[in-house]
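Since the structure comes first, as structure tokens, the remarks are kept for the end.
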Amino acid sequence: MNKGILVVVSGFSGAGKGTVMKELMRRYDNYALSVSVTTRAPRPGEEDGREYFFRTKEEFEQLVREDALIEYAGYVDNYYGTPRSYVEQKLEEGKDVILEIEIQGAMKVKEKNPETLLVFVTPPTVEELKRRLEGRGTEKADVIASRLSRAAEEAEGMDAYDYILINDDLDECVERMHALIQSEHFRMSRNTEFINRIKEESKAFNK
Ligand code: ADP
Ligand code: 5GP
């Protein structure tokens, strides 16, 4: 069995990453979405262990000391990190594992695992980004301002990603995400075992 693909999805806060991921997971069962640990407070409707593992700063620092996180980063006054064991287990099972993380964490993951597929999700315009962030209604004005300012910084790093996905029509964005991850399975460099076997077997036809 081939190992799954590690996919990192980043994008400005309010771009719709969470919405796209939820829909992708609902439609297809070959993905495993990593649940991160965070020190931020849960939003209304968020559940511990579903959207995030909500932990104190001390508990988070303990996980860092235990090397239990693949990567972690600070984002607007809080820490966020990816638990290692789930990701490794699901990749081994052949699932495509998706990390929905910000850009610093994305770069760390890519550095450690060069085969990681990096996807950047944006809204069609920055006006729409502001509208979505305000419309979500989960942050106060000062936090929204910090997140928009962070978006400006993150925009500078977008070029490091493999693909850009514009989340205008949700349905289209979800299907494109699925299509591009699935195409990635057929990349030559991900099929070396099969390629070597075919090469070897074809030698039988040599005259
Ligand atoms: P992120 O996870 O990137 O911070 P969310 O998934 O929370 O963003 O989406 C931010 C807001 O935008 C939510 O209120 C969500 O319902 C809305 N949204 C997401 N995708 C779309 C879309 N394609 N069109 C319109 N609104 C969207
Ligand atoms: P939010 O508070 O809106 O859920 O997330 C804020 C930012 O943190 C988003 O850009 C999100 O992708 C990112 N994030 C979530 N989990 C992780 C993680 O485990 N590691 C890193 N580096 N970023 C994360």
Side-chain angles (χ1 to χ4, degrees), residues 6-26 32-55 60 63-64 68-87 97-113 116 118-140 143-155 157-158 160-161 164-177:
L6 185 57
V7 184
V8 163
V9 175
S10 302
F12 312 131
S13 180
K17 303 177 295 296
T19 308
V20 172
M21 286 307 117
K22 217 172 243 177
E23 191 53 26
L24 187 75
M25 302 302 291
R26 199 183 63 78
L33 183 62
S34 162
V35 177
S36 296
V37 186
T38 184
T39 60
R40 88 151 159 74
R43 292 177 186 141
E46 284 184 336
E47 260 178 42
D48 185 45
R50 191 178 64 193
E51 281 79 12
Y52 283 104
F53 296 106
F54 296 99
R55 295 291 180 266
F60 193 97
L63 291 172
V64 172
L69 306 177
I70 295 178
E71 61 72 39
Y72 68 96
Y75 179 94
V76 188
D77 302 333
N78 283 295
Y79 286 126
Y80 295 78
T82 305
R84 181 185 304 284
S85 57
Y86 177 85
V87 173
V97 177
I98 304 183
L99 313 184
E100 194 243 278
I101 64 178
E102 54 69 64
I103 197 162
Q104 297 172 50
M107 294 305 119
K108 282 185 226 160
V109 172
K110 179 80 177 178
E111 206 179 298
K112 286 192 208 162
N113 311 276
T116 306
L118 298 181
V119 182
F120 199 93
V121 176
T122 80
T125 64
V126 289
E127 290 79 34
E128 175 63 12
L129 177 67
K130 192 159 177 282
R131 207 170 15 247
R132 285 185 192 173
L133 206 45
E134 289 169 351
R136 189 168 67 189
T138 49
E139 280 90 10
K140 294 201 186 103
V143 177
I144 290 181
S146 303
R147 283 176 175 249
L148 286 171
S149 149
R150 180 66 177 246
E153 276 173 43
E154 293 201 328
M158 277 168 64
Y161 284 70
I164 181 159
L165 263 187
I166 299 167
N167 178 22
D168 192 352
D169 179 75
L170 179 66
D171 179 61
E172 212 168 87
C173 186
V174 171
E175 290 309 318
R176 282 191 183 144
M177 176 78 79

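Whatever order the structure lists ligands and atoms in, that order sets their numbers, starting from 1.
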Check your understanding: salt bridge (charged side-chain N to carboxylate O under 4.0 Å, His left out) with Glu47: which residues, sequence neighbours excluded?
Key -> Arg50

Do [X] and [Y] make a side-chain contact, defined as non-hydrogen atoms from C-beta onward lying under 4.5 Å apart?
X	Y	answer
Leu69	Phe60	yes
Asp48	Pro42	no
Glu51	Arg43	no

**Study point:** Value rounded to 0.5 Å, distance of CZ in Arg147 from CD in Glu154
**Key:** 10.0 Å

**Study point:** Residues Arg132, Glu128: salt bridge by 4.0 Å N-O rule
**Key:** yes

**Study point:** Leu129, Thr19, Val121 screened by side-chain contact (heavy atoms from CB on, under 4.5 Å) with Asn167, the one that passes
**Key:** Val121

Study note, to complete from the structure: Between Leu118 and the options Val8, Val7, Val9, the side-chain contact (heavy atoms from CB on, under 4.5 Å) test singles out Val8

Exercise for review: Show the protein residues that qualify under the rule heavy atom under 4.0 Å from an atom of ligand 2, listing them in chain and number order.
Suggested key: Lys17, Ser36, Arg40, Arg43, Tyr52, Glu71, Ala73, Tyr75, Tyr80, Gly81, Thr82, Glu100, Ile101, Glu102, Gly105, Arg147

Contacts table for ligand 1: protein N or O within a distance under 3.5 Å of ligand N or O, distances only.
unit_1	atom_1	unit_2	atom_2	d
ligand 1	2 (O)	Gly18	N	2.9
ligand 1	3 (O)	Ala15	N	3.3
ligand 1	3 (O)	Gly16	N	2.9
ligand 1	3 (O)	Lys17	N	2.8
ligand 1	3 (O)	Lys17	NZ	2.8
ligand 1	4 (O)	Gly14	N	2.8
ligand 1	4 (O)	Arg136	NH1	2.9
ligand 1	6 (O)	Gly18	N	3.4
ligand 1	6 (O)	Thr19	N	2.9
ligand 1	6 (O)	Thr19	OG1	2.5
ligand 1	7 (O)	Arg136	NH1	2.8
ligand 1	8 (O)	Gly16	N	3.1
ligand 1	20 (N)	Asn167	ND2	3.1
ligand 1	23 (N)	Asn167	OD1	2.8
ligand 1	23 (N)	Asp168	O	2.9
ligand 1	24 (N)	Arg132	NH2	3.3

Check your understanding: Can you list the residues that meet the side chain to side chain donor-acceptor pair (under 3.5 Å) rule with Glu23, with sequence neighbours excluded?
Key -> Arg26, Arg27

